[in-house]
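Worth knowing before you read on, the calculation uses all heavy atoms, side chains too, and leaves out hydrogens, waters and symmetry mates. Note that the coordinates shown come from a computational prediction; the quantities given were computed from them, not determined experimentally.
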Amino acid sequence: MSTPSSGSVLKTIAAVIAAIFGLVLLIGGIYLAVLGGSWYYIIAGLFFLITAILLQKLKSSALIVYAVLVLGTVVWGLWEVGSDFFALAPRLDILGLFGLFLLIPAVTRGFANSKGAKVALTGSLAITIAVMIYSIFNDPQEIRGTLTSQQPATAQAIAGIAEGDWPAYGRTQSGLRYSPLTQINADNVKDLKVAWTYNTGDFKTDHDSGETTNQVTPIKVGDNMYICTTHQKLVALDPATGKAKWTFDPKLKADNTFQHLTCRGVSYFDANNTVGFEASLAAKKTTSEQCPQKVILPVNDGRLVAINATTGKPCTDFGHNGEVDLQKDMPFPYPGGYIPTSPPVVTGTTIIIAGSTTDNYSTEEPSGVIRGYDVNTGELLWVFDTGAEDPNKIPAPGQKYVQNSPNAWAPLAYDAKLDIVYVPTGVGTPDIWGGNRTKLHERYANSMLAINATTGKLVWNFQTTHHDLWDMDVPSQPTLADIQDKSGQTVPAIYVLTKTGNAFVLDRRTGKAVVPITEKPVPQTVKRGPQTKGEHYSATQPFSDFDLAPKDKLTDKQMWGATMFDQLMCRVSFHKLNYEGIYTPPSENGTLVFPGNLGVFEWGGMSVNPDRQIAVMNPIGLPFVTKLIPADPKRKQTAKGAGTEAGVQPMYGVPYGVEISPFLSPFGLPCKQPAWGYVAGVDLKTHDIAWKRRIGTIRDSLPGIPLPPFKMGVPMLGGSISTAGNLMFVGGTQDNYIRAINVTNGDELWKGRLPAGGQATPMTYESNGKQYVVIMAGGHGSFGTKMGDALVAYALPDPK
């Protein structure tokens with residue numbers, strides 16, 4: 001009895017594989033074509049089946065048929081996505097590997113006249129490899145221009161801020177995130193080394209929210225650096241060594257029902273340095289002798305704490321023993337319902353604080369009120385309740401603020417000369433269904449509010465999204481910068497970055513557009529599934545001529561996967577969802593939301609060099625799927641809090657719950673092709689994007705799997721800063737790095753490995769004549785990066 005040779009076994013295996021591939025592609029391709037998608041997969045399936053039949057018959061023409069399939073796929077791929085390596089990879093990886101398998105001598109042995117067929121297949125694979133190599137160096141998604149390369153000889157000094165300090169969240173309360181330091185520059189940044197590391201010892205516990213993170217940007221004033229930890233412990237550090245001087249523990253009362261557990265930063269007040277606060281100081285009435293310098297700490301359980309900046313002791317003349325209760329007069333003041341996560345604005349007289357409320361939980365939620373407190377006594381000076389007929393009315397005894405009014409969770413900005421605080425707002429929860437909202441309720445939603453910081457009176461407001469059903473909050477601290485318009489006139493501008501990718505540029509005195517804004521029609525119905533009950537839609541939405549979002553709506557050409565098979569499944573899923581471009585209404589069928597809930601911009605904002613009139617930023621783009629789930633609006637609330645921003649969210653009190661999830665393939669990869677994250681440089685004289693580059697790898701997304709360190713362009717949570725040394729520093733990526741980018745052209749010049757996820761905005765400062773760059777590597781509980789507790793400082797080596 002003879003046994004089959006290894007060659008015949010391999011031929012059979014090759015034929016079976018080709019037949020299976022062919023059937024899967026043919027069946028899936030027919031389904032996709034019926035849905036209106038590409039016919040390629042039907043054709044590819046037929047070619048695989050023909051190849052299988054010819055292999056079984058020992059015909060060398062099998063190799064020729066397969067070579068035609070490979071070459072045809074190369075041409076088809078280039079037509080669909082151009083020379084985009086990561087977009088071409090799933091179209092060609094399986095084909096290439098199977099083609100190499102077919103060239104194994106044991107497979108082709110016994111084929112008649114096989115030499116020419118082998119040459120044909122070898123040639124097609126060689127062309128495929130050449131195209132892939134070419135695509136590595138010719139990325140159609142990247143823009144490779146340059147910004148103005150010269151820093152002016154005379155830089156604009158900022159009154160009251162030492163060059164080596166970083167005294168506020170954005171260095172300035174105008175949110176520039178720019179430092180004039182030059183010791184670390186584009187020429188020597190490659191030599192950066194870890195100078196010191198401070199470990200907070202504060203980690204996520206089993207009792208904490210899934211959305212636990214540390215997004216802190218430290219502040220540095222003189223000989224002190226201040227940080228807050230995950231559980232809002234306030235720590236004063238020596239900026240030269242990272243040694244702790246003192247720690248204050250507010251005894252945060254948190255549990256896993258909190259939607260967020262984080263601290264983005266703290267604020268600083270110095271009664272002896274009031275340069276630039278002349279407008280607000282006109283109303284000054286009191287002075288604190290106990291705490292002339294104080295650190296203002298927001299605490300997630302709804303408190304505002306003032307701490308002596310030198311001793312670390314509470315300022316007992318502030319509020320009640322150093323604390324203000326932000327839950328006072330709140331409707332439905334449950335723990336975690338109102339959370340101040342961002343540092344407040346501090347003027348010469350007033351602390352202005354806002355906070356987040358729980359998304360998509362209930363119609364019985366706290367208010368999103370913005371409040372101003374006396375910087376010395378903690379006395380409530382004014383309110384701006386975004387849902388009230390009279391937003392400045394302070395509740396009388398027994399009264400409450402307006403429930404579910406739009407909140408302002410992102411950092412605020414302040415113009416000391418105008419004495420205006422700029423407040424980015426979100427939508428009143430529940431976010432994804434708004435049939436019950438009144439015009440009053442939405443009057444200040446999704447807006448930039450310009451409010452007099454001393455009186456709380458509205459100066460102007462601009463709405464960035466009308467009747468928001470997509471969680472398109474204004475998520476970033478606005479940036480205030482004086483720019484030159486086309487006529488050469490200097491305009492005091494405000495940059496309002498949004499999740500939609502629109503960057504609205506307004507005159508910050510009046511709210512009038514500096515860059516044109518157009519109201520455009522948007523989708524009004526859903527094509528698949530029933531229409532949403534009780535809902536209505538805005539006929540138009542505002543779009544800015546300065547826009548970092550993708551210019552065209554998604555098509556199935558941009559669907560992705562690890563292989564052609566899960567890419568096919570993503571194309572099928574794409575066609576089954578409702579999607580007519582941005583602002584497609586939520587639906588019971590499921591709606592593709594792009595830009596997704598993370599937005600193009602998040603809380604990281606942008607960085608502006610006012611001397612060069614340029615900006616750098618790190619936009620992202622990741623689709624999400626929103627699916628409305630019919631429910632009884634009168635059903636009893638059975639959950640305590642929300643605890644998460646993903647999965648099914650109850651939206652008690654309205655006729656739907658909602659499931660929100662990233663748009664992923666069966667293998668857990670995004671269904672949209674990379675890039676999902678970029679860095680970009682913009683000329684503020686023209687608002688043209690000069691350069692745009694991918695950033696980040698998937699090194700830490702698939703641990704244990706050896707992958708080449710290609711820049712795929714990964715999602716980020718965290719902002720960027722820039723310096724007069726022609727450098728942009730940015731962390732935030734899903735791989736654990738901080739990077740230095742050449743501001744002029746976008747080249748990556750250096751990266752430092754972090755011990756955990758760097759989902760924070762870095763900062764830079766000088767101490768004892770040495771410049772440092774620091775970033776918190778704390779990770780992010782729901783973003784999937786490694787959790788940690790390390791504040792890492794980098795500096796150049798000392799001269800030998």
Side-chain angles (χ1 to χ4, degrees), residues 159-161 165 167-169 172-174 219-222 224 226 228 232 234 236 246 248 250 263 265-299 302-329 340 342-355 369-384 392 394-395 411-421 423 451-457:
I161 299 180
D165 281 357
Y169 174 76
T172 64
Q173 291 198 108
S174 58
I219 61 173
K220 185 263 183 184
V221 183
N224 291 298
Y226 302 98
C228 52
Q232 283 99 72
L234 177 64
W246 52 257
F248 171 80
C263 187
V266 297
S267 301
Y268 185 83
F269 173 74
D270 185 352
N272 299 320
N273 181 8
T274 55
V275 176
F277 292 129
E278 288 82 2
S280 62
L281 286 171
K284 187 172 183 179
K285 297 179 181 178
T286 58
T287 301
S288 171
E289 296 182 1
Q290 184 187 116
C291 290
Q293 294 86 32
K294 57 170 68 83
V295 180
I296 311 300
L297 172 70
V299 184
R303 288 177 288 154
L304 188 65
V305 183
I307 306 300
N308 185 296
T310 302
T311 66
K313 303 297 183 184
C315 301
T316 56
D317 57 352
F318 180 89
H320 179 70
N321 293 324
E323 294 186 0
V324 167
D325 180 11
L326 298 176
Q327 298 277 34
K328 185 179 184 298
D329 296 328
S342 296
V345 153
V346 181
T347 78
T349 62
T350 310
I351 301 168
I352 298 102
I353 184 76
V369 61
I370 302 110
R371 285 168 283 188
Y373 293 92
D374 186 288
V375 71
N376 293 297
T377 67
E379 175 192 358
L380 180 64
L381 299 178
W382 57 261
V383 305
F384 193 94
N392 296 124
I394 296 176
L412 318 181
Y414 178 60
D415 185 322
K417 291 182 180 179
L418 297 175
D419 195 29
I420 294 177
V421 60
V423 181
I451 297 174
N452 183 284
T454 301
T455 67
K457 301 294 185 182

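With contacts defined as side-chain heavy-atom distances shorter than 4.5 Å, the pair Val375/Ile351 qualifies. Between Leu304 and Ile296, some side-chain heavy-atom pair lies under the 4.5 Å cut-off. The shortest side-chain heavy-atom distance between Gln173 and Thr347 does not fall under the 4.5 Å cut-off. Counting heavy atoms from C-beta outward, Phe248 and Pro314 have side chains that approach closer than 4.5 Å. Side-chain contact between Thr172 and Tyr414: absent, with no pair of heavy atoms (C-beta onward) separated by less than 4.5 Å. The closest side-chain heavy-atom distance from Ser267 to Val345 is not below 4.5 Å. Counting heavy atoms from C-beta on, the side chains of Arg303 and Leu326 never come closer than 4.5 Å. Residues Pro344 and Ile352 are not in side-chain contact: their nearest non-hydrogen atoms beyond the backbone lie 4.5 Å or more apart.
Scanning for side-chain hydrogen bond (donor to acceptor under 3.5 Å, both in side chains) contacts around Ser342 gives Arg264, with sequence neighbours left out. Annotation: side-chain hydrogen bond (donor to acceptor under 3.5 Å, both in side chains) contacts of Thr316 (sequence neighbours excluded): Gln290. Residues passing the salt bridge (Lys or Arg N to Asp or Glu O under 4.0 Å) test with Asp165, sequence neighbours excluded: Lys220. Not a single ring pair (Phe, Tyr, Trp, His ring centres under 6.0 Å) links Phe318 to another residue, sequence neighbours left out. Under the side-chain hydrogen bond (donor to acceptor under 3.5 Å, both in side chains) criterion, Asn452 pairs with Thr455, sequence neighbours left out. Taking the side-chain contact (heavy atoms from CB on, under 4.5 Å) definition, one finds that Leu380 meets it with Arg371, Tyr373, Val383, Ile394, Tyr401, sequence neighbours left out.
Closest non-hydrogen pair, Trp246 versus Asn308, comes out as CZ2-O, 3.7 Å. Shortest non-hydrogen contact noted between Tyr268 and Pro167 is CB-O, 3.9 Å. Nearest heavy-atom pair across Thr350 and Gly372 is CG2-CA, 3.8 Å. In plain terms, the two heavy atoms of Pro343 and Pro298 that are nearest each other are CA-CG, 4.4 Å.
Trp382 contributes no side-chain N or O that, together with a main-chain N or O of Ile370, makes up a donor-acceptor pair within less than 3.5 Å. No donor-acceptor pair under 3.5 Å is formed between the side chain of Tyr226 and the backbone N or O of Gly265.
Annotation: the span from Leu381 atom CG to Thr454 atom OG1 amounts to 9.0 Å, rounded to 0.5 Å. How far NZ of Lys417 is from OG of Ser174: 10.5 Å, rounded to the nearest 0.5 Å. The line from CG of Asp325 to NE2 of His320 is 10.0 Å long, rounded to the nearest 0.5 Å.
Tested against Val266 for a side chain to side chain contact (heavy atoms under 4.5 Å, CB included), the candidates Val305, Ile307, Leu297 yield a single pass: Leu297.
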